[in-house]
Amino acid sequence: MRRPRGEPGPRAPRPTEGATCAGPGESWSPSPNSMLRVLLSAQTSPTRLSGLLLIPPVQPCCLGPSKWGDWPLGGSPSTGHVQGLQRLLEQARSPGELLRWLGQNPTKVRAHHYPVALRRLGQLLGSRPRPPPVEQATLQDLSQLIIRNCPSFDMHTIHVCLHLAVLLGFPSDGPLVRALEQERRLRLPPKPPPPLSSLLRETRPEELTPHVMVLLAQHLARHRLREPQLLEAIAHFLVVQENQLTSKVVQKLVLPFGRLNYLPLEQQFMPCLERILAREAGVAPLATVNILMSLCQLRCLPFRVLHFVFSPGFINYISGTPHALIVRRYLSLLDTAVELELPGYRGPRLPRRQQVPVFPQPLITDRARCKYSHKDIVAEGLRQLLGEEKYRQDLTVPPGYCTDFLLCVGSSGAVLPVRTQDPFLPYPPRSCPQGQAASSPTTRDPAQRVVLVLRERWHFCRDGRVLLGSRALRERHLGLMGYQLLPLPFEELESQRGLPQLKNYLRQKLQALGLRWGPEGG
């Protein structure tokens, strides 16, 4: 039947960030990434974080009654009532209301409703910078409800409740966590008692599972969280578990180090990675080049593995794979790093016919956040200050780096029209010995190239003034190729009020380099 014109159709529910919504028969589980995000944003202590991570990973659970098999005595298997209670819990506006829905509907409460209630409690507590205080009596009553019913929980529900209880700050020696831990131990198969020395230890990173450590690494990388203590824990875990980890897992564990431009203090970090790469380089080609990309951002490329990935056998092998283009792009970037940063390397190189532009266009994050970028207003300021013919925007220079703004400058400091000059410097650099171009950026060409580099807020790690690895790598390579860089930090750009102030700011920046323009500048 067609809907009458003008009548609105049903609206799809809006998902909550970090939560997974489930319908009848679908799975629900709290997102580990959302829990880690809340934990880290709240500046949680490492002890509490370890308590959360030590719990086994959550698997999806089914809301359907046939799988749970936990109907209370005298209860009715009314799916509608069960789902209705879940909706009430998910929409509760206060902790007290949560407790009321659970306490007033004993015949409708199922085991999976308690994780829903704990998750909603976490959302209520984390929804505002200063959440309303929760009475201890309310938390105690909720704890007692869970403690009373946890003998009927299955193993998965116990794991979920443990995750959420630790996340919400219930003490590890409190009655709720103790009861859930006791139920968890009762369901586990018997095992010999550990030695006394292990009982006396504190939690160590190697006792965590690879799955949990990968989640932590992905969370740090995705949210640009440069947390040294957590990064060192990942590095230590990688070293201790070296023989149990494949390169596909290692690439995920190493990702945050390159992205966050953080070289760990763990002395065995690099030797361990070299051994893993030597062992598994031929097994997983994409994982191998992903690890090398992270090491390239850290300026820690191992010669032995470079010999392997630049060998004709490896290149021919990856040419027939579905990810051939992305591997060739990574190999092209690695070849650039070898050219510019490793003058002592004498092994094979990527053949010229296999090379592709490294980053021929603005990166995905820049395109996604273009409405927050300062690029348009800087372009307008340069147009009014210099004229359109004296700069180029978004020009890709060999071997494939996209520049924000590029100027050609004569030997006298005059800004020259770009159309009268070759805007590209020769690559590889010819003017000076390999690896020394940064200290002497001029070339035999009388025109010098100046690149104005926008440093936007998202080009940095979230908690510091450290450039992300990909940004630092691009600037380092442009400098080594002979381009003179003029950074424009976001703090300075944001402090300019209007176009006149911005033009004055750009004028001062360019004049500080000794540049001249206008009638007297050519």
Whether the side chain of [X] engages the backbone of [Y] through a donor-acceptor N/O pair (distance < 3.5 Å, no angle test) should be reported.
| X | Y | answer |
| --- | --- | --- |
| Tyr262 | Glu227 | no |
| Thr209 | Val212 | yes |
| Thr321 | Ile318 | yes |
| Ser332 | Val356 | yes |
| Arg349 | Arg346 | no |
| Arg224 | Arg259 | no |
| Ser294 | Gly258 | no |
| Glu456 | His374 | yes |
| Asp404 | Val453 | no |
| Glu341 | Arg299 | no |

Please report the closest heavy-atom contact between [X] and [Y], naming both atoms and the distance.
| X | Y | answer |
| --- | --- | --- |
| Phe424 | Pro398 | CD2-CD, 3.5 Å |
| Arg328 | Leu350 | O-CD2, 4.4 Å |
| Leu220 | Pro256 | CB-CB, 4.4 Å |
| Ser247 | Ile291 | O-CD1, 3.9 Å |
| Ala472 | Asn261 | CB-ND2, 3.8 Å |

### Message
With side chain to side chain contact (heavy atoms under 4.5 Å, CB included) as the criterion, how do Leu454 and Leu493 come out once you've worked through the C-alpha distance, each side chain's angles and the decisive distance to 0.1 Å?
### Response
CA-CA 9 Å; Leu454 291 183; Leu493 294 173; 3.9 Å; yes

#### Entry: Arg304 atom CZ, neighbour heavy-atom count above 12 within 6.0 Å
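No, CZ of Arg304 has 12 or fewer neighbouring heavy atoms, counting only those of other groups under 6.0 Å.
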
### Task
If the plane angle is over 60° it's perpendicular, under 30° parallel, otherwise tilted; pick one for Tyr401 and His477.
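If you compare the ring of Tyr401 with that of His477, the planes turn out perpendicular.
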
Find the distance between [atom1] ([X]) and [atom2] ([Y]) and round it off to the nearest 0.5 Å.
| X | Y | atom1 | atom2 | result |
| --- | --- | --- | --- | --- |
| Thr246 | Lys252 | OG1 | NZ | 8.5 Å |
| Cys300 | Phe257 | SG | CZ | 11.5 Å |
| Asn316 | Ser319 | CG | OG | 5.5 Å |
| Gln244 | Leu238 | CD | CG | 11.5 Å |

### Message
Can you confirm whether the side chains of Asp154 and Thr157 place a donor and an acceptor under 3.5 Å from each other?
### Response
yes

### Query
Taking atom types as modelled and ignoring hydrogens, do the side chains of Glu475 and Tyr483 form a donor-acceptor contact shorter than 3.5 angstrom?
no

Below 4.5 Å, heavy atoms only, C-beta onward: do [X] and [Y] meet side chain to side chain?
| X | Y | value |
| --- | --- | --- |
| Leu255 | Asn290 | no |
| Cys161 | Leu118 | yes |
| Val450 | Leu510 | no |
| Tyr372 | Arg457 | no |
| Pro348 | Leu306 | no |
| Cys461 | Leu225 | no |
| Leu486 | Phe405 | no |
| Ile276 | Arg279 | yes |

### Message
Quick one, Arg449 with Asp422, criterion salt bridge (Lys or Arg N to Asp or Glu O under 4.0 Å). Give me CA distance, side-chain angles, the key distance, then yes/no.
### Response
CA-CA 10 Å; Arg449 277 67 169 185; Asp422 181 2; 5.1 Å; no

### Task
Kindly determine whether Phe269 and His236 satisfy ring pair (Phe, Tyr, Trp, His ring centres under 6.0 Å), including the steps that lead there.
CA-CA 8 Å; Phe269 179 75; His236 181 66; over 10 Å; no

### Task
Output yes when Arg178 and Glu181 qualify as a salt bridge under the 4.0 Å nitrogen-oxygen rule, no when they do not.
no

### Message
Under a 4.0 Å threshold between the charged nitrogen and the carboxylate oxygen, would Glu242 count as salt-bridged to Arg275?
### Response
yes

### Steps toward salt bridge (Lys or Arg N to Asp or Glu O under 4.0 Å) verdict (Lys248, Glu280)
CA-CA 9 Å; Lys248 293 185 178 180; Glu280 303 225 355; over 6 Å; no

### Message
Check for me whether Arg465 meets the cation-pi criterion with Phe460, that is, NZ or CZ under 6.0 Å from the six-membered ring centre and within 45 degrees of the ring axis.
### Response
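Satisfied, under 6.0 Å and within 45°.
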
### Task
Under the side chain to side chain contact (heavy atoms under 4.5 Å, CB included) rule, collect the residues that match up with Arg352, sequence neighbours excluded.
Gln355

### Message
What verdict does the salt bridge (Lys or Arg N to Asp or Glu O under 4.0 Å) test give for Arg455 and Glu491, after you've listed the backbone C-alpha separation in whole Å, the side-chain angles of each residue and the deciding distance to 0.1 Å?
### Response
CA-CA 9 Å; Arg455 288 183 173 177; Glu491 305 100 329; over 6 Å; no

